[in-house]
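A note on names: the letters A, B, ... follow the listed sequences, proteins ahead of strands, and every chain is numbered from 1.
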Amino acid sequence: MGYLDELNESQRVAVEHIYGPSMVIAGAGSGKTRVLTYRIAHMVEQGIDPHNIMALTFTNKAAKEMSERIGKIVGGSEAKSITMGTFHSVFSRILRYNADRIGFPNNFTIYDTQDSKSLIKDIIKEFSLDDKTYKPSGVFGRISSAKNNLISPEAYINNTDIQAEDRMSRRPELGRIYAQYANRCQRAGAMDFDDLLYFTNVLLSTQPEVLHYYQQKFKYILVDEYQDTNYAQYLIVKKLAAAYENLCVVGDDAQSIYSFRGANIENILNFRKDYPDFSLFKLEQNYRSSQNIVDAANSVIKRNQDQIQKSVWTHNGKGNPISIVRTLTDNEEGRVIANKIYDLKQSKVPDYNAFAILYRTNKQSRSFEEALRKLNIPYKIYGGLSFYQRKEIKDVLAYFRLTANPNDEEALKRVINYPKRGIGKTSIENIIISAGSHGVSMWDVIQNLQQYPADITNSTKQKLYEFVTMIRSFQAEMLKVDAYTLAEHITRSTGILRELVEEKEKGPEEVERLQNVEELLAGIQEFVKTSEEEELKTLPDFLLDVSLLTDADQEKTEDRNHVSLMTIHSSKGLEYPHVYIVGMEENLFPSQLSMSSKSDLEEERRLFYVALTRAMETCTLSYTGSRFVWNQSIRCEPSRFLDEIDASFVHHETPMRSQQGRSLMGGMDRSFTGGLNVSLKQPSLPRSLKSLSNLPNSPSQGSDFQDIKVGTNVEHSRFGKGKVTHLDGNGADKKAVIFFPHHGAKTVLLKFANLVVLPD
DNA sequence: GCGACTTCCATTTTT
DNA sequence: TGGAAGTCGC
């Protein structure tokens, strides 16, 4: 068994231990995925039937990768027999077979977050509640965490603690909203993401024979990223594993970063209570990062109090210290990082895949996009608005969903009047009212207006009739033709395709929308082609796949020579030779919302730990003195996390600037008095050196902007060319009113405006 | 019922 | 800033 030789001692022991409960605590970069895949491969080699193995991962991508790697060792068909995927995808499949036992149709649709919020909004309106106290996202969060903790609407309403909390936050109706939300979802035959777990638990607790079946089927269970499981996931796993207790969980408490969505770090700690005779394996040797990076990350994470003791170490070379870069503005931050990547690529790095820019929030990507584009550096943004959340895609998918499950109200609301067919807001509201009073779905109402009368004009009734007929015609085809044929038919006969083609002339955005829909169709065609033998892949089959897919799963391996931009959250599990962690500022990272509680701050610190440990060779941290937020520039202070890295592992790159630096440094003097900032101890550099610093296109700062007078023609990075009409203030506060032909008059602070003076 | 217009509000991470 | 919701006139 050659593959065992590729493991170190502690990895091998973990791989060879197959029976009974076990927990693998895997430090960052310690070969966790390798252990997991080899363990499964080893099980199969030992004669365990792959049908009896269930492996739960955090992302679809991780599952796919693992499956491929296992296939290489034990063969593809064996690997395919393993049940492998995210909690959500695996359990949604189980529910497909069993949902009818718990009051849902087996063809239930899955509501995404947008659908959920839109439904909640409806309910708030229906109850005539103030939508400022009852904000849809807040209500959604509350319902979500109730479900993650397996609290039913009834339990919610009867729980005195919860009711007290809701009264405290002056939202006593939350329980009623939750109950109505659950009701409406059921009527629509829809489950949201949390329901996939919640109702799996309901299924397993109320249907003993189902539980028994899956206990016998999944005799061996593996769970990856165990630190990020929530209570519902914990209990489901516990139930399924109860018969054989061949349960292996893998995780790293130091990388738990999803408590905001109910992840419960206690699950790791509780493991020893549930399985007192469990075996514990620790993987502590890091193969990924240089010594400096490992040490720096350790020096940060040791400040957390809540953690399992372990010491991550490496045999790798010392490497470079962690670089810390300071810039004046967020735009400059983008340029500096882009230039660094450019330089490194020119001098020693063969391709762009080696680079990743990691940030705390998606919106930070903008300045990096711009800067990379200017230097013609290929890049790809992960996360953010996903392909499947684009309006045009959601519209098309809504037709698919409606075809598969006409009771799906969110889908119905979305397309009942798209493309425009003269069914307006008032009619839709009256349909909802009628549906509510009869306790049926909107679809029931519109296809049977005699039985469920609604206040609707005759001409609208005719249009509704045509709509119903159209959807029914799709349904008639649904199981007869493959997904692509039907999807293509739907985009044509609904008029969506025609509309998009017509609008194409309007501009590049419209062209893109058409391309997106074409891409979706191409994707469905791919999907249909993957079918084996006689199998017909239908539209419902496709929907099952698509609702739980994210952008990361889409990636094609060909176009891979690009810099990766993503949030730290989505970087988990990945690694890059050169990592740039940007926006290292107080209130951004750590996020403002995390500052109030110690546990939230510890989670932010773990997030920082995750970010640092993505890096293999070099790691650069950057922060900026000011940032554009809501159309105005705000001052930023360096993140406390910068101080938390042991000073011997860092190198501060940016020299202090002599003049304007001071006014912008703001709180820096305070936070750096620990003597960490080496450059503070050096004499300030003379201003002439500034031009030698690595700041590309450095704005004309430090001067009194004497070259900018009333009447001067200037160019602004966002507004384009304009003429100065007024000047006000002095020095750092000097402002100008500039008239831009395309944007009108704007007042800008010269020190931030990055104006380029144009010849008269 | 529809489109043009104004106003208001956000601002963390995601299966 | 920019997206979403609300208002108004046709």
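- Distance from the side chain of A:Thr426 is smallest for B:dG1 among the nucleotides B:dA10, B:dG1, B:dT14.
- Within 4.0 Å of A:Asp112, counting heavy atoms only, lies no atom of the nucleic acid at all.
- A donor-acceptor contact closer than 3.5 angstrom is absent between the side chains of A:Asn417 and A:Lys425.
- A:Phe58 comes within 4.0 angstrom of sugar-phosphate atoms only, judged by non-hydrogen atoms across all strands, and of no base.
- Atom CD of A:Glu225 is separated from atom P of B:dT14 by 15 Å (rounded to the nearest Å).
- Rounded to whole Å, the distance from NZ on A:Lys463 to C1' on B:dC2 is 11 Å.
- Using a 4.0 Å heavy-atom distance criterion, A:Lys135 is classed as a sugar-phosphate-only contact.
- Side chain of A:Tyr258, nearest nucleotide from B:dT15, B:dT12, B:dT14: B:dT14.
- Between the CG atom of A:Asp130 and the P atom of B:dC9 there is a distance of 11 Å, given to the nearest Å.
- Comparing B:dT15, C:dT7, C:dA4 by their nearest atom to the side chain of A:Lys425 picks out C:dT7.
- Close to B:dT15, at under 4.0 Å from its OP1 or OP2, lies no side-chain N or O of A:Asn148.
- A pairwise comparison of heavy atoms in A:Thr624 and A:Asp330 identifies OG1-N, 3.4 Å as the closest pair.
- Contacts of A:Thr113 with the nucleic acid, taken as non-hydrogen atoms under 4.0 Å apart, include base atoms.
- Nucleotides C:dA5 and B:dT12 are separated by 24 Å at their C1' atoms, to the nearest Å.
- Remark: ring of A:Phe260 stacked against base of B:dT13; centroid gap under 5.5 Å, plane tilt under 30°.
- Applying the 4.0 Å criterion to OP1 and OP2 of B:dT13, one finds that A:Ser570 has every side-chain N and O outside that range.
- A donor N or O paired with an acceptor N or O is found under 3.5 Å between the base of B:dT13 and the side-chain atoms of A:Arg360.
- Between A:Thr567 and A:Thr457, it is A:Thr457 whose nearest contact on DNA chain B lies nearer the 5' terminus.
- Among the nucleotides B:dT12, C:dA4, B:dT15, the one closest to the side chain of A:Leu593 is B:dT12.
- A:Ser89 comes within 4.0 angstrom of nothing in the nucleic acid, heavy atoms only.
- Residues A:Ile423 and A:His569 each lie close to DNA chain B; by heavy-atom proximity, the contact nearer the 5' end of the strand is made by A:Ile423.
- No salt bridge links A:Asp252 with A:Lys32; every basic N to acidic carboxylate O contact stays at or beyond 4.0 Å.
- For the pair A:Lys394 and A:Tyr388, the cation-pi test (distance below 6.0 Å, angle within 45°) is failed.
- Residue A:Asn362 places at least one side-chain N or O closer than 4.0 Å to OP1 or OP2 of B:dT14.
- Remark: A:Lys391 is not in phosphate contact with C:dG3, judged by side-chain N or O atoms under 4.0 Å from OP1 or OP2.
- In this structure, A:Glu429 atom CD and C:dA5 atom C1' are separated by 13 Å, rounded to whole Å.
- Atom CZ of A:Arg366 is separated from atom P of C:dG3 by 13 Å (rounded to the nearest Å).
- Of the N and O atoms on the side chains of A:Asp253 and A:Gln227, not one donor lies less than 3.5 Å from an acceptor on the other residue.
- Rounded to an integer number of Å, the gap from NZ of A:Lys363 to P of C:dG3 is 15 Å.
- When the P atom of B:dT12 is taken as reference, atom CG of A:Leu358 falls 19 Å away, rounded to whole Å.
- In this structure, A:Ile416 places its CD1 atom 12 Å from P of B:dC2, rounding to the nearest Å.
- Surrounding OH of A:Tyr231 are at most 12 heavy atoms belonging to other residues, nucleotides or ligands under 6.0 Å away.
- A:Ser116 and A:Tyr181 form a side-chain donor-acceptor contact under 3.5 Å, judged by distance and modelled atom types alone.
- Residue A:Lys420 has its side chain nearest to B:dG3 when only B:dT12, B:dT15, B:dG3 are considered.
- Nearest nucleotide to the side chain of A:His88, out of C:dA4, B:dT15, B:dT12: B:dT15.
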